[in-house]
Amino acid sequence: MFGLVDANSFYCSVEQVFDPALRGKAVVVGSNNDGCAIARSDQAKKLGVKMGQPLHEIPPHIRRQLHIRSANFGLYGDISGRVVGILRDLFPKVEVYSIDESFVEFPVGNRMEVAHEARSRIERWVGIPNCVGIGPTKTLAKMANKIAKAGAGIVDLADEGVRAAHLARFPVEDVWGVGRKFAARLGAEGIITAGDLVKADSETLRARYGVVLARTQAELQGVACSDLQEAEPDRQQIVCSRSFGREVVELEDVQQAVATFAINACEKLRKRSLQAGGVWVWLNTNPFKPDAPQYHPSKAMSLISASADTREVLRMAQALTRAMYRKGYRYKKAGVGLLDLTAGDSHQGDLFSGVDPRSAKLMEVLDAANRKFGRNAMSFASSAWREKTKPQWSMNQQHLSPAYTQKWSELLRVR
DNA sequence: TCTGGGGTCCTAGGACCC
DNA sequence: TCTGGGGTCCTAGGACCC
């Protein structure tokens with residue numbers, strides 16, 4: 001039997017853990033640059049703030065009632081780890097599905113009891129309110145969790161009679177695997193609830209919507225098509241991209257942003273002991289200004305041999321950027337992707353140049369220094385790191401909470 | 001003034017191979 | 001009356017997830 005444990009309004013709940021004055025208030029966490037709402041507390045939802053809604057579209061009289069925080073992903077990741085730790089103590093198998101939800105396997109025995117224990121430990125020990133959904137497939141556990149969010153806290157759909165009653169009432173667009181596009185098409189065919197989807201003809205569904213939705217249907221029927229994935233599969237690509245706080249015009253500024261993203265991406269790459277076979281860079285002007293000249297170039301290139309050396313990736317990223325940059329555009333966003341990832345211990349040699357044995361050592365020293373002395377204690381000049389003035393493109397984060405759990409200097413003070 | 005970031009999988013079509 | 005058959009690999013686009 002599968003369970004899904006999902007934190008309520010996770011990012012907002014984390015902010016409320018460290019700032020009790022926010023509890024019971026309408027809290028909204030904004031995306032990078034404080035652009036959109038990416039999490040809302042119940043009170044903020046009641047005020048009508050929608051997921052992904054641009055904050056500047058919220059009417060002023062509503063906005064005045066909101067407590068806005070800038071996204072503090074380092075903090076959220078840290079708290080997420082503590083929640084997962086509790087789950088690993090209680091369940092034989094745990095699949096960390098996202099930063100705020102995990103699938104678990106229920107051992108034989110009293111499920112309600114274990115679910116209750118998990119739920120209350122997370123709430124008491126970490127301070128994060130959460131719900132538990134239980135079902136014979138992951139899709140049904142997801143559905144159970146959604147139903148639990150309405151108030152019950154824990155919902156078990158193992159019983160077929162109970163399940164049928166819920167399926168008949170559950171909107172098809174809320175089913176895991178049914179997005180906006182599919183929901184609209186299904187609706188036009190008269191498939192409105194999860195129960196309708198269960199009863200639909202499988203062959204027709206497969207032909208019209210593909211195997212993914214056919215699998216979702218099977219899962220809703222109680223046939224498990226997806227098992228717990230305890231070990232995280234190796235990444236296929238690693239991407240780092242940001243919208244700029246301001247539009248940027250000069251090549252040098254664009255290059256600095258791209259360099260910063262490349263450095264970040266390489267750090268993630270080495271953390272997973274992977275190496276990249278290719279590098280991909282793209283630039284974007286501001287799509288929300290359709291009257292301004294638009295340009296969104298994208299270019300990828302293979303490295304001569306797979307590498308995890310930031311210097312090599314930087315060289316390539318800079319060359320790609322130089323090749324794509326055109327004067328006269330106002331750039332708003334850029335990104336760097338690392339492609340064709342392979343395990344760090346396998347290596348396809350290069351016939352002509354060979355591998356510099358000092359490269360791995362140098363990267364080790366770099367990473368160790370940054371672990372010990374803090375992020376970016378040591379970096380690359382091309383990112384304009386350590387410049388006195390903030391770079392042109394840096395993010396707006398006007399409402400950033402402290403790194404309570406990651407920096408000694410920002411530790412919470414209790415009077 | 002202000003509009004997120006990071007992923008996955010599937011499918012269709014084209015190029016190319018024998 | 002009439003065009004071979006069976007593959008692979010790559011790319012772009014579309015759907016989905018958080």
Side-chain angles (χ1 to χ4, degrees), chain A residues 4-7 9-11 28-39 49-60 63 68-74 76-77 80 95-103 138-139 142 145-146 172-186 206-216 219 225-226 229 232-247 261 264-265 268-269 272 277-278 280 282 284-290 292 298-300 302 330 332-341 395-399:
Chain A
L4 179 72
V5 183
D6 188 326
S9 313
F10 181 59
Y11 300 160
V28 170
V29 171
S31 58
N32 285 332
N33 292 314
D34 300 333
C36 299
I38 57 169
V49 180
K50 297 277 179 286
M51 187 65 182
Q53 186 176 12
L55 295 184
H56 69 91
E57 278 179 8
I58 298 172
R63 219 187 140 131
I68 293 172
R69 289 289 175 274
S70 304
N72 189 342
F73 291 113
Y76 309 151
S80 171
E95 173 187 338
V96 178
Y97 178 65
S98 77
I99 194 166
D100 70 334
E101 61 189 293
S102 292
F103 286 104
K138 285 162 94 175
T139 306
K142 270 288 241 190
N145 189 286
K146 193 132 201 170
V172 77
E173 66 260 31
D174 290 345
V175 171
W176 187 41
V178 178
R180 273 221 318 277
K181 296 277 169 81
F182 279 3
R185 280 170 59 193
L186 288 167
R206 218 227 90 125
R208 289 193 191 155
Y209 298 89
V211 288
V212 181
L213 194 68
R215 250 179 253 153
T216 297
E219 287 240 320
C225 302
S226 157
Q229 290 201 310
E232 204 191 335
D234 275 339
R235 289 287 176 81
Q236 298 180 20
Q237 53 173 35
I238 287 175
V239 169
C240 180
S241 81
R242 294 276 179 282
S243 293
F244 305 149
R246 278 187 285 169
E247 290 170 353
F261 305 157
N264 277 347
K268 291 189 210 169
L269 182 74
R272 293 171 182 273
W280 170 40
W282 72 96
N284 262 328
T285 48
N286 190 345
F288 296 102
K289 285 187 179 166
S298 163
K299 235 183 169 79
S302 298
R330 306 181 67 82
K332 182 64 175 147
K333 186 175 181 175
V336 173
L338 303 177
L339 313 170
D340 304 326
L341 305 187
M395 289 190 287
N396 299 322
Q397 292 178 306
Q398 290 184 30
H399 315 283

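Chain A is the first sequence line, chain B the second, and so forth, proteins listed ahead of strands; every chain is numbered from 1.
A:R330 meets the side-chain contact (heavy atoms from CB on, under 4.5 Å) test with A:E247, A:V249; sequence neighbours excluded. A:W176 meets the ring pair (Phe, Tyr, Trp, His ring centres under 6.0 Å) test with A:Y97, A:F103; sequence neighbours excluded. By the ring pair (Phe, Tyr, Trp, His ring centres under 6.0 Å) test, A:F182 is found to be paired with A:Y209, residues two or more places apart in sequence or in another chain being considered. Not counting sequence neighbours, the partners of A:H56 by the side-chain contact (heavy atoms from CB on, under 4.5 Å) test are A:P54. Partners of A:D100 according to the salt bridge (Lys or Arg N to Asp or Glu O under 4.0 Å) rule, which considers only residues two or more places apart in sequence or in another chain, do not exist here. For A:E173, the side-chain contact (heavy atoms from CB on, under 4.5 Å) criterion is met by A:P171, A:A183, not counting sequence neighbours. Residues meeting the side-chain contact (heavy atoms from CB on, under 4.5 Å) test with A:R235, sequence neighbours left out: A:E232, A:I238, A:R272, A:L274, A:L341.
Phosphate proximity of B:dG5 to A:K333: present, with a side-chain N or O under 4.0 Å from OP1 or OP2. OP1 or OP2 of B:dG4 has not a single side-chain nitrogen or oxygen of A:S241 nearer than 4.0 Å. When the side-chain nitrogen and oxygen atoms of A:R242 are compared with OP1 and OP2 of B:dG4, none of them lie within a distance under 4.0 Å.
Contact annotation for A:R272: no contact, since no heavy-atom pair falls under 4.0 Å across all strands. A:R63 comes within 4.0 angstrom of no nucleic acid atom, judged by non-hydrogen atoms across all strands.
In this entry the distance linking OH of A:Y76 with C1' of B:dG6 reads 17 Å, nearest Å. In this structure, OH of A:Y11 is placed 15 Å from P of B:dG4, rounded to the nearest angstrom. Per the geometry, CG belonging to A:L339 stands 15 Å off C1' belonging to B:dT8, to the nearest Å. Taking atom CD of residue A:E57 and atom C1' of nucleotide B:dT1, one finds them 14 Å apart after rounding to whole Å.
A stem is defined here as three or more consecutive Watson-Crick or G-U pairs, each with both distances under 3.5 Å; for DNA chain C these stems are B:5-18 with C:5-18.
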Per-nucleotide protein contact along nucleotides 9-18 of chain C, 5' to 3', at a 4.0 Å heavy-atom cut-off (B base, S sugar-phosphate only, - neither), is ------SSSS
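For A:S243, the listed nucleotide lying nearest its side chain is B:dG5; candidates were B:dG6, B:dT3, B:dG5.
Projected onto DNA chain B by closest heavy-atom contact, A:Q236 and A:D34 fall at different nucleotides, the more 5' of which corresponds to A:D34.
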